[in-house]
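Not measured: the values here are computed from a predicted model.
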Amino acid sequence: MNLTLMLDATVVLSASVRLTLTLTALSLAAGFLLAVPLAFVRAFARPSLSLAVLAYTYVFRGTPMLVQLFLLYYGLSQIQAVRESVFWVVLRDPFWCALLTFSLNSAAHTTEILCRGLQSVPKGVIEAAAALGLKRLHVARLITFPIAFRISLPAYGNEVIGMIKGTSLASTVTLLEVTGMARQMVSDTFAPYEIFIVAGAIYLSLTLVAVKAIQLVEHRLSVGGRPPRGPRTAAAVA
């Protein structure tokens with residue numbers, strides 16, 4: 001094992017972490033913003049609208065993200081109408097194609113995650129809020145969604161971790177994020193073992209940071225960030 005090469009790879013690949021994090025953060029943010037209204041439609045709207053959202057999530061959750069990326073980047077470029085449209089400015093750029101694919105994929109997964117959370121909110125809580133005179137929008141914003149998000153957070157954490165690793169697919173459309181840069185270094189050095197060990201270690205580090213961040217958010221959302229009361233303390237308060 002060439003430790004010098006691994007050290008060089010660490011320096012080079014670390015520079016490409018910025019692109020990986022950019023794709024991850026933007027994809028998760030765009031996917032989450034799209035998923036919130038879709039989750040409410042999926043959970044509470046009329047069956048026809050709910051089925052339309054289900055069809056979208058079923059397609060994107062049921063097909064590989066690599067296939068989706070290839071269809072968007074390589075497939076749409078074969079359509080003359082697309083190349084002549086205003087969308088071609090975006091669709092011809094590998095970064096925006098990757099970002100659009102990752103965002104739509106993340107939105108599909110997040111929609112179903114939030115939908116399960118929304119459906120798990122006790123109806124009594126919603127009815128009590130309505131009895132206080134709150135409008136439906138206020139109930140959804142102040143009551144339903146915060147509770148659903150807390151319920152959905154562990155599952156959404158898996159989506160965050162999956163997206164960090166999923167950004168490696170951007171290397172297939174010439175983007176030099178961590179995996180893309182690693183492949184380029186392998187073609188120059190013919191040393192895949194050392195370089196991909198470093199790449200794997202970088203992804204592992206990123207996922208560990210994400211896991212700790214999600215655990216911190218869960219802790220802050222549970223009991224206001226305070227440790228749970230013991231039986232004796234709780235009894236005394238009661």
Fill in the blank from the handout: To the nearest 0.5 Å, atom NZ of Lys165 lies from atom OG1 of Thr20 at 14.0 Å
Practice task
Quick one: sort the Tyr74 and Phe70 rings into parallel, tilted or perpendicular, breaks at 30° and 60°.
Solution key: perpendicular
Exercise for the section: Could you grab the distance from atom CZ of Arg18 to atom OG1 of Thr22, nearest 0.5 Å is fine? Expected result: 6.0 Å
Practice task
Return the minimal non-hydrogen interatomic distance between Pro94 and Leu175, and the atom names on each side.
Solution key: O-CD1, 3.8 Å
Completion exercise
Closest heavy-atom pair, Ser103 versus Leu26, reported as atoms and distance to 0.1 Å, is OG-O, 4.2 Å
Exercise for the section: Considering non-hydrogen atoms only, spot the tightest contact between Ala129 and Ile143 and give its length. Expected result: CB-CG1, 3.9 Å
Handout entry: Check: Asn105 side chain, Arg61 main-chain N or O, donor-acceptor pair, under 3.5 Å
Key = no
Problem - Full working for side-chain contact (heavy atoms from CB on, under 4.5 Å) between Leu100 and Leu91 - result: CA-CA 9 Å; Leu100 180 58; Leu91 294 176; 4.3 Å; yes
Exercise for the section: Apply side chain to side chain donor-acceptor pair (under 3.5 Å) to the pair Tyr203 and Thr179, showing each step before the final yes or no. Expected result: CA-CA 9 Å; Tyr203 281 112; Thr179 302; 2.7 Å; yes
Practice task
Look at the side chain of Glu194 and the backbone N and O of Asn2, then say whether any donor-acceptor pair between them is shorter than 3.5 Å.
Solution key: yes
Exercise for the section: Assess the side chains of Arg42 and Ser50: does a donor N or O sit below 3.5 Å from an acceptor N or O? Expected result: yes
Problem - Val173 reachable from Phe87 in the ILVMFWY side-chain graph, under 4.5 Å edges - result: no
Handout entry: Nearest heavy atoms of Ala107 and Ala35, plus distance in Å
Key = O-CB, 3.6 Å
Handout entry: Side chain Gln68, main chain Thr63, donor-acceptor under 3.5 Å
Key = yes
Handout entry: Nearest-0.5 Å distance that lies between atom OG1 in Thr57 and atom NE2 in His109
Key = 9.5 Å
Handout entry: Flag side-chain contact, heavy atom, 4.5 Å: Ile214 against Val160
Key = yes
Practice task
Starting from the C-alpha separation in whole Å, work towards a yes-or-no answer on side-chain contact (heavy atoms from CB on, under 4.5 Å) for Leu54 and Glu112.
Solution key: CA-CA 8 Å; Leu54 175 61; Glu112 291 299 324; 4.1 Å; yes
Practice task
Check whether any side-chain heavy atom of Leu204 lies under 4.5 Å from a side-chain heavy atom of Thr207, and answer yes or no.
Solution key: yes
Handout entry: Test side-chain contact (heavy atoms from CB on, under 4.5 Å) applied to Leu21 and Leu206, step by step
Key = CA-CA 9 Å; Leu21 293 179; Leu206 294 177; 3.9 Å; yes
Problem - Arg136 CZ: over 12 foreign heavy atoms closer than 6.0 Å - result: no
Problem - Side-chain donor-acceptor pair present, Ser168, Glu177, cut-off under 3.5 Å - result: no
Practice task
Would you mind reporting whether Arg46 and Leu49 have side-chain heavy atoms less than 4.5 Å apart?
Solution key: yes
Handout entry: Test item: Ser16 side-chain N/O and Leu176 main-chain N/O as donor-acceptor pair under 3.5 Å
Key = no
Fill in the blank from the handout: Value for CZ (Phe196) from CZ (Arg183), rounded to nearest 0.5 Å, stands at 7.0 Å
Completion exercise
Between Leu72 and Cys97 the two heavy atoms that sit nearest each other are CD2-O, 3.4 Å
Problem - Heavy atoms of other groups near Trp96 CH2, more than 12 under 6.0 Å - result: no
Handout entry: Val178 reachable from Ile197 in the ILVMFWY side-chain graph, under 4.5 Å edges
Key = yes
Practice task
Measure the shortest side-chain to side-chain distance between Leu34 and Thr110 over non-hydrogen atoms and say whether it is less than 4.5 angstrom.
Solution key: no
Handout entry: Heavy-atom check, side chain of Thr101 versus side chain of Tyr73, under 4.5 Å
Key = no
Practice task
Enter the distance from Met181:CE to Ile202:CD1 here, rounded to the nearest 0.5 Å.
Solution key: 10.5 Å
Practice task
Please check if Val53 and Phe145 belong to a single hydrophobic cluster, counting links between Ile, Leu, Val, Met, Phe, Trp and Tyr side chain heavy atoms closer than 4.5 Å.
Solution key: no
Handout entry: Check: Ser85 side chain, Val82 main-chain N or O, donor-acceptor pair, under 3.5 Å
Key = yes
Problem - Hydrophobic cluster identity match, Val41 and Phe60, side-chain contacts under 4.5 Å - result: yes
Handout entry: Backbone of Leu104 reached by a side-chain donor or acceptor of Tyr56 within 3.5 Å
Key = yes
Exercise for the section: Taking atom OH of Tyr193 as the centre, report whether more than 12 heavy atoms of other residues, nucleotides or ligands fall under 6.0 Å from it. Expected result: no
Problem - Test item: Thr172 side-chain N/O and Leu169 main-chain N/O as donor-acceptor pair under 3.5 Å - result: yes
Problem - Pairwise side-chain contact, Ile79 with Arg83, heavy-atom cut-off 4.5 Å (strictly under) - result: no
Handout entry: Path from Met163 to Leu153 over hydrophobic side-chain contacts below 4.5 Å
Key = yes
Practice task
Under the side-chain contact (heavy atoms from CB on, under 4.5 Å) rule, what do Leu114 and Phe32 come out as? Steps first, then yes or no, please.
Solution key: CA-CA 10 Å; Leu114 293 178; Phe32 191 85; 4.2 Å; yes
Completion exercise
Smallest heavy-atom separation, Leu5 atom then Ala191 atom, equals CD2-CB, 3.3 Å
Problem - Heavy-atom donor-acceptor pair, Ser106 side chain to Phe102 backbone, under 3.5 Å - result: no
Problem - Spatial distance of atom CG (Leu221) from atom CD1 (Ile151) [nearest 0.5 Å] - result: 12.0 Å
